[in-house]
Asker: 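Please read through the structure below; I'll follow up with questions.
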Amino acid sequence: MSARFLTLADAIAEHVHDGACVALEGFTHLIPFAAGHEIIRQRRHDLHLVRMTPDLIYDQMIGMGCARKLTFSWGGNPGVGSLHRLRDAVERRWPAPLQLDEHSHAGMAAAYCAGAARLPFGVLRGYANTDLPAHNPAIRSVQCPYTGETLAAVPAINPDVTLLHAQSADRQGNIALHGIVGAAREAALAAKSLVVTVEELVDNLAPAMNAVLLPHWLVSAVVHCPGGAYPSYAQGHYERDNAFYQQWDAIARDRESFLIWMDRHVLRSVDHRDFLGRLLEDAA
Amino acid sequence: MSARFLTLADAIAEHVHDGACVALEGFTHLIPFAAGHEIIRQRRHDLHLVRMTPDLIYDQMIGMGCARKLTFSWGGNPGVGSLHRLRDAVERRWPAPLQLDEHSHAGMAAAYCAGAARLPFGVLRGYANTDLPAHNPAIRSVQCPYTGETLAAVPAINPDVTLLHAQSADRQGNIALHGIVGAAREAALAAKSLVVTVEELVDNLAPAMNAVLLPHWLVSAVVHCPGGAYPSYAQGHYERDNAFYQQWDAIARDRESFLIWMDRHVLRSVDHRDFLGRLLEDAA
Amino acid sequence: MTICTREEWMTIAASRLLWDGCVCFVGIGLPSAACNLARLTHAPEIVLVYESGTLGTRPDVLPLSIGDGELARTATCVVPLPEIFSYYLQAGRVDVGFLGAAQIDRYGNLNSTVIGSYDTPHTRLPGAGGAPEIATHARETFVMLKATPRSFVAELDFRTTAGYLQGSGARGRSGAPGGGPRSVITDFGLLKPHPDTQELQLAALFSGVGVEEARAAVGWPLALAAHVGIVDPPEARELEILRALHARTRQAHARPVAIPL
Amino acid sequence: MTICTREEWMTIAASRLLWDGCVCFVGIGLPSAACNLARLTHAPEIVLVYESGTLGTRPDVLPLSIGDGELARTATCVVPLPEIFSYYLQAGRVDVGFLGAAQIDRYGNLNSTVIGSYDTPHTRLPGAGGAPEIATHARETFVMLKATPRSFVAELDFRTTAGYLQGSGARGRSGAPGGGPRSVITDFGLLKPHPDTQELQLAALFSGVGVEEARAAVGWPLALAAHVGIVDPPEARELEILRALHARTRQAHARPVAIPL
């Protein structure tokens, strides 16, 4: 398998199917907003969404009815408060019920690592004396064959497709990330297919032998998509728009204002460039 | 804990004790030869040596009677052939019997990772249908709590002390490595104490946010020791002396020639600088 | 006495609990302000670890999120998140973990998951994040939250994070490696666990605050420690540095980010 | 026909088995020469993975060790060794694993651990290294070793690495994810497993070599495949590129390394 260069619309059409298990990763940094918007535009539904920190893009996807299940470990608007669409789905089943597969960060990280290593489960000293295992039957235990100690186990996460945003790709489709990487690499390696939007295409990646890199033969599709992480950020390219995160609280608090915003900015925009243009218009 | 800057002699005297479990890591690259020689000079014995690929430095330590046990996964002279001193210890118990705790690379890597994470065991799909588990009771199995599949388990490796060689340290004792890192970082993080010899001390490490780095608060002692990996190599500083590796075959094949070489080059040298000087004399 | 808000006082009180060189697992909000204040005052060599993977970070302004670019730019290094939880936190490399929550009970157990029942929640909260394992593995934890009878409760709706469980040694018997919540910093003073029962007791009051205010804010009958201390008011220098930090932060966050088009 | 050594012929025969774009887990020695020859001839986009953590490496000269600096310098990237074994090999990302050994049996099982008994060995060999898991997880493996009745044996002294076990589907029944040894490249030709029994059979001979030479070199009664093919002699271009690679390598390794004093 070698990386193919596609438009975002083609990459989503080809790799994200209704009912699939889909992870958009990136921990605060490099969140694939553009890819998430295209999934909404293509009206995907019944998705099993996976992400440590759902963030605004999952709030949007859940609010637009894309999801039936959410695997996560922290679902808020970082530094601001609630994800209102996520809450509405959980508290009032709007626009649809949302099944929760809830973890801690440590548990979910172990589950991604197990997935990347194609082991069926991950092991950690976690979830001890908490109510989480009682509400999530996927959290089990395993006994150490040396000490007899009981440790927590989590089932491996192996998404049908992982979508990432990264700073750059070369002409072969090798992908380079830098800055905060979260569990992006593990989520990528754990997936059956991998779609990456990038800020820029370069002839040759900067030499950095121990850099975080995804070799082209692990990459299903590469999409050139500048600004693809906005309002999250891409270290070296643009900063996190903290003000947008704060504004989102008001937009998403109310079903109607949410739907109006999504209609104007996501559904009616033809692509991510158009989406960004509409935000620029708002700001003008 | 914060890093202290010591001479190599003091660092070994303080951190490597008779009977201890000691790992000198570095996969082909950055092998801590100077540290191993100082252990020989200080006549440490009854050590449990741990290293994926024993290499020449363990051949020397075993031949000089430092070791009682060896945890390893491949014990040869890379690209050349046997480690004759290791073979002599195993085949003819000279100079002392050597207990083997033998693994595969994948198993030992999993054991280091478990050690670094302070889990009691590591899991892998390994050792399947081989005779290794029959000869190493430390290789056990664990059952997946989801699929019922039986997987291999290895006990965590947590050395009393890990010794590494690295390219550079800053004034705080932060350690930077680049190039082939093997399981050096996992061995370092798994250890109770960590001693690092470095090619150079710098005021500030080059900024590289995702570089391989050991923060100073994990480092027990830093030793400035240029050439400390020779005849292994330090990427960016000097190359592997493949010719020396080839010459070692003849030196180590015979007990007497081995002892003469060790006496002249290691025991009679006062430090690593003196050791290198003696090799230069030989070459002149 | 310098005039300040209770939030400033909490932040300053928390920062004083930290020591130079301590390795601190930092959460967003008040803990992040307290840790950075400590770094800018008496603990210049404090090692700040954020769960986003930034080790030894020295931000000039406070991050809004746990993974702002400022944290990466000023870090000694940035590692993948799974390593933070396995090789650093679980490995016992963290001295102090800072936690917040929506609810705390008298044994320092925390809820940040749900108000009401899990399946039919009254209020769905963000969830666990790093908290359960921070609480398990950090040598000690500090909890920061403002006190009301709705947050300091007799019974949690959901136990997201273990403190001292049912007290009287239950945590120790459970085998938890870390020491548990050693201080709860709230907006009237500090609570600390009783040495035997581990029930949180009033250990210190902000100077000028009375016991009755504390009791009114806590949803269980609050016991007093053998000695109830006084938390000195902020010094002028502490307050100045904290306010400058907040001013820089406000300024930085108000700076409009250009839409990358 | 170009005159060449049997070792050259083996290397060239092995290189021809590789295809462009294939992800190849490379061992030192003959496999490394074969893989790099393939890269320099018909498979420019072959992805070479060395267990030292170098991914997509394109060395100008052959490494002596598995971790020479040349491999790191010319790699797409270098990752920690545990990742190579867990995230790449065990994850099923490797198409072809190349193995050598001291002994092979008729079902492609390998010994690289010991001659004689494990506890009182006649000859202690280097041991397993990456082989057991390469053999388990690579989609297929190629084994390269010169044939003598002491290396191609009726019974192994120690099974370091599983091939087809006892044959007749035993490997498949054991649940091994990879396909096992699909070709054994030796100095008279190729052996391949029988489709049903998986016993290694003579599948091809170097042109000019007779069946009797093959039979004499193998320590079990060597069966012939339904069709025994011919391995064409090296082409001039193949030989030229291989010899230039070896010449560059000899020259590089002969260059004295300055003692870093």
Side-chain angles (χ1 to χ4, degrees), chain B residues 27-29 52-53 72-76 78-80 82-83 86-87 90-91 102-107 109-110 112-113 124-132 135 179-186 212 226-227 230-231 233-235 237-245 273 276-277 279-280 283, chain D residues 28-29 51-54 63-69 71-73 78-86 89-90 109 111 113 118-134 136-137 156 158-162 165 170-171 174-177 253-254 256-261:
Chain B
F27 197 84
T28 312
H29 182 215
M52 296 188 69
T53 54
F72 78 114
S73 45
W74 191 85
V80 179
S82 291
L83 292 178
L86 168 56
R87 279 186 56 180
V90 175
E91 294 170 9
E102 184 165 1
H103 290 271
S104 67
H105 281 352
Y112 270 137
C113 290
L124 68 156
R125 283 210 181 86
Y127 298 110
N129 298 305
T130 80
D131 289 342
L132 284 161
H135 292 87
I180 290 171
V181 294
R185 216 168 60 97
E186 288 74 15
V212 182
Y230 178 88
Y233 73 108
Q235 192 102 35
H237 290 267
Y238 46 90
E239 293 191 56
R240 188 173 194 267
D241 196 344
N242 283 328
F244 185 89
Y245 273 82
R273 206 180 142 74
L276 294 175
L279 289 179
L280 260 187
Chain D
I28 279 306
E51 67 190 17
S52 55
T54 54
L64 181 71
S65 79
I66 199 82
D68 282 17
L71 295 176
R73 252 193 311 273
V78 181
V79 303
L81 180 141
E83 294 184 8
I84 286 289
F85 282 95
S86 60
L89 182 64
Q90 183 173 270
N109 304 298
N111 173 18
T113 301
Y118 186 82
D119 292 320
T120 55
H122 178 268
T123 305
R124 174 65 221 196
L125 303 167
E133 287 77 19
I134 294 171
T136 297
H137 296 291
L156 300 179
F158 188 100
R159 192 203 286 159
T160 312
T161 301
L165 304 173
R171 180 188 172 91
S174 81
H253 290 180
V257 170
I259 290 168
L261 181 69

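Not measured: the values here are computed from a predicted model. The chains referred to below are lettered A, B, ... by the order of the sequence lines, with proteins before strands, and numbering in each begins at 1.
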Asker: Is it the backbone or the side chain of D:R171 that comes under 4.5 Å from a heavy atom of chain B, or both, or neither?
Answerer: neither

Asker: Side-chain contact test, heavy atoms from C-beta onward, threshold under 4.5 Å: evaluate it for B:H105 versus D:I84 and give yes or no.
Answerer: no

Asker: Any side-chain heavy atom of B:L132 within less than 4.5 Å of one from D:F158?
Answerer: yes

Asker: To the nearest 0.5 Å, how far apart are CG in B:L124 and NE2 in D:H137?
Answerer: 7.0 Å

Asker: Is the closest side-chain heavy-atom distance between B:N129 and D:R159 below 4.5 Å?
Answerer: yes

Asker: Just verifying a value: how many Å separate B:C113 SG and D:F85 CZ, rounded to the nearest 0.5 Å?
Answerer: 12.0 Å

Asker: Is chain B contacted by the side chain of D:L165, its backbone, both, or neither, given a heavy-atom distance below 4.5 Å?
Answerer: side chain

Asker: In terms of heavy-atom pairs under 4.5 Å, which option from B:A283, B:P78, B:A234 contacts chain D the most?
Answerer: B:P78

Asker: Roughly how far apart are B:L276 CG and D:I259 CD1, rounded to 0.5 Å?
Answerer: 7.0 Å

Asker: Would you indicate whether the side-chain heavy atoms of D:T113 and B:H135 approach each other to under 4.5 Å?
Answerer: no

Asker: Between D:P82 and B:A109, which heavy-atom pair has the shortest distance, and what is it?
Answerer: CA-CB, 3.9 Å

Asker: Quick check on the interface: out of B:R185, B:H103, B:Q235, B:H29, who has the most heavy-atom pairs with chain D under 4.5 Å?
Answerer: B:Q235

Asker: How many angstroms lie between CG in D:L125 and CZ in B:R87, if you round to the nearest 0.5 Å?
Answerer: 7.5 Å

Asker: What distance do B:F27 atom CZ and D:I66 atom CD1 have between them, rounded to the nearest 0.5 Å?
Answerer: 6.5 Å

Asker: Show the nearest heavy-atom pair for residues D:G127 and B:W74, with the distance to one decimal.
Answerer: O-CD1, 3.6 Å

Asker: So D:T54 and B:I180, do their side chains get closer than 4.5 Å, heavy atoms only?
Answerer: yes

Asker: Once you round to the nearest 0.5 Å, how far does CD of D:E133 lie from OG1 of B:T130?
Answerer: 8.0 Å

Asker: Would you check if B:R240 and D:S65 make a side-chain contact, meaning some heavy-atom pair closer than 4.5 Å?
Answerer: yes

Asker: Tell me, for D:H122 versus chain B, whether the close heavy atoms (under 4.5 Å) come from the side chain, the backbone, both or neither.
Answerer: backbone

Asker: Under a 4.5 Å cut-off applied to non-hydrogen side-chain atoms, are B:E239 and D:D68 in contact?
Answerer: no

